[in-house]
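Take a look at the structure set out below.
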Amino acid sequence: MKSLFPDTIFSRLFLLLFVMLSVSHFVGMEVFSGLLHSSRPVDPSHLRPHSFRFFGFILRLSAITLTAWIAARWLARPIDQMARAASKLGESLESEPLDETRGPSEIRQASAVFNQMQARLKLQIAERNRFLAAVSHDLRTPITRLKLRAQKVVAQDLQQDIQSDINEMTVMIDATLDFLRGDGKPEAPCLLDVTALVHSLAEDAEERGEVVTVTGQVKPIMTQATALQRCLNNLVENALRYGNRADIKLDDSGSKLIIAIRDAGEGIPEDKLEAVFAPFYRLDQSRSRHTGGVGLGLSIARDIVQKLGGKLTLKNAPEGGLIATLELLKR
């Protein structure tokens, strides 16, 4: 059904101004006409014109304020809906598309463009995931052949060197594909006992002969369990690889959950604390080669934390070692 006036932002603003001026004028006229045409005789000595004027001014101001408040909410509703949709899209591409049949024509047009953008993003990510699956298969096939052929090498030292290179290549390929898949469909949030998760990671490390300690405890939070586990696992492995141990401290500070992981290594130069989050960045190429680092652990960890609505920072401890601090907002 078509309305008498086009449903645009301009027409809504015009109607808003018209109603505001009309209400202001007629309310004021009604008050003063009632005062002037009162049938009851009034002693001129008791007239207080300034009070009546102030009373009329308050009435008109109240009418304008109320009208403007209602109209502003009416005008802002479609914009607010778009803002919420954009926020949800930032969290997940699987969010519901906007309704293209409601609101002014400008909003309907913007909603259609917004939905088209969402559809294109989903298509591009689906195509990228198919490409990564094909690349993964194509890369693993020759690596598997190399492993089989390396077993036929007679010289034991040469066989071990070849196997070591193949294992390093496999780790690098797995880490790279893992990083590139990071924008896939996110898992559903659930109530997670973070304290139990951290203790589980510590127990697994201790079974391998590593030194991991845990202090403090936090209340369960709504989050993506697998993603957070992967993030913490990367941070703990990074601390063990370069700092020989990991001391984990849990802190429940009201609106935030804080997890600090400290190692006993040499730390990182102050001017490199942010650079190490870049993909494939390694401070010491030779050291990373011997320790098995690829340069993606911190990048993946920060990417996960940002998608969970938190932040991950690094700082050097005054007594030595590096501290990775993870902060998550409670939901």
Side-chain angles (χ1 to χ4, degrees), residues 167 170-171 174-175 178-179 182 186-268 273 276-277 282-283 287-288 290-331:
N167 291 335
T170 302
V171 170
D174 289 341
D178 238 11
F179 176 74
E187 62 178 306
C190 65
L191 188 63
L192 176 66
D193 189 341
V194 179
T195 304
L197 172 61
V198 171
H199 279 282
S200 176
L201 294 176
E203 291 171 2
D204 292 342
E206 290 172 357
E207 290 178 358
R208 302 191 302 265
E210 308 283 3
V211 180
V212 178
T213 64
V214 181
T215 58
Q217 61 180 4
V218 293
K219 296 179 181 179
I221 62 169
M222 289 295 297
T223 188
Q224 298 172 8
T226 304
L228 183 58
Q229 179 180 1
R230 182 183 176 200
C231 170
L232 294 175
N233 191 58
N234 283 357
L235 295 176
V236 171
E237 286 185 356
N238 195 73
L240 295 173
R241 181 180 295 121
Y242 300 115
N244 301 319
R245 65 177 294 149
D247 299 312
I248 307 174
K249 182 180 179 181
L250 304 176
D251 184 19
D252 199 337
S253 61
S255 62
K256 292 189 297 185
L257 180 150
I258 301 175
I259 304 174
I261 302 175
R262 177 177 175 179
D263 63 35
E266 300 176 356
I268 296 177
L273 287 175
V276 294
F277 285 110
R282 293 183 287 188
L283 288 172
R287 182 185 70 170
S288 296
H290 287 94
T291 54
V294 178
L296 284 173
L298 290 175
S299 299
I300 293 174
R302 171 171 275 190
D303 185 61
I304 292 174
V305 172
Q306 289 177 342
K307 290 177 181 177
L308 295 178
K311 66 177 182 177
L312 175 63
T313 56
L314 299 176
K315 70 175 182 178
N316 291 307
E319 304 84 3
L322 183 71
I323 302 177
T325 304
L326 187 159
E327 297 183 11
L328 289 177
L329 293 176
K330 296 180 181 178
R331 299 181 181 181

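Throughout, residue positions are numbered sequentially from 1 according to the sequence presented.
- Closest approach of Ala239 and Ala246 over heavy atoms only: CB-CB, 3.9 Å.
- No option in Leu228, Leu312, Val194 other than Leu228 meets the side-chain contact (heavy atoms from CB on, under 4.5 Å) test with Leu328.
- Across all non-hydrogen atoms, the minimal contact from Ile304 to Arg230 is CD1-CD, 3.9 Å.
- Within the model, atoms CG of Asp204 and NE2 of His199 stand 13.0 Å from one another, a figure rounded to the nearest 0.5 Å.
- In this structure, Val305 and Lys311 approach most closely via the heavy-atom pair CG1-N, 3.2 Å.
- Summarising the geometry of Gly243 relative to Asp263, their closest heavy-atom pair is CA-CB, 3.7 Å, with the distance given to 0.1 Å.
- A donor-acceptor pair under 3.5 Å is absent between the side-chain atoms of Thr325 and the main chain of Ala260, judged by distance alone.
- To the nearest 0.5 Å, atom NZ of residue Lys219 and atom CG of residue Asp193 are 13.0 Å apart.
- In terms of heavy-atom proximity, Lys330 sits nearest to Ile221 at CG-CG2, 4.1 Å.
- By the 4.5 Å heavy-atom criterion applied to side chains, Asn238 and Asn234 are not counted as neighbours.
- The distance from atom CG of Leu250 to atom CG of Leu257, rounded to the nearest 0.5 Å, is 7.0 Å.
- Distance check, rounded to the nearest 0.5 Å: CG of Leu308 to CE of Met222 gives 12.0 Å.
- Across every non-hydrogen atom of Leu322 and Lys315, the tightest pair is CD1-O, 3.4 Å.
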Applying side-chain contact (heavy atoms from CB on, under 4.5 Å) to Leu201 and Asn233, what does each step give before you reach the verdict?
CA-CA 7 Å; Leu201 294 176; Asn233 191 58; 4.1 Å; yes
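- Few gaps surround CD on Glu206; more than 12 heavy atoms of other groups in view lie less than 6.0 Å from it.
- In this structure, CD1 in Ile323 is found 8.5 Å from CG in Asn316, a value given to the nearest 0.5 Å.
- Taking 4.5 Å as the limit, some side-chain heavy atom of Leu235 sits within range of a side-chain heavy atom of Leu298.
- Ionic pairing of Asp303 and Lys307 is present here: one or more N-O contacts between side-chain nitrogen and carboxylate oxygen are shorter than 4.0 angstrom.
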Between Ile261 and Leu326, is the side-chain contact (heavy atoms from CB on, under 4.5 Å) condition met? List the steps.
CA-CA 8 Å; Ile261 302 175; Leu326 187 159; over 6 Å; no
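- At a threshold of 4.5 Å between non-hydrogen side-chain atoms, the residues Gln229 and Leu192 do not count as touching.
- A donor-acceptor pair is defined here as one N or O able to donate and one able to accept, closer than 3.5 Å; no such pair exists between the side chain of Arg262 and the backbone of Asp247.
- Atom CD of residue Glu327 and atom CD1 of residue Ile258 lie 4.5 Å apart, to the nearest 0.5 angstrom.
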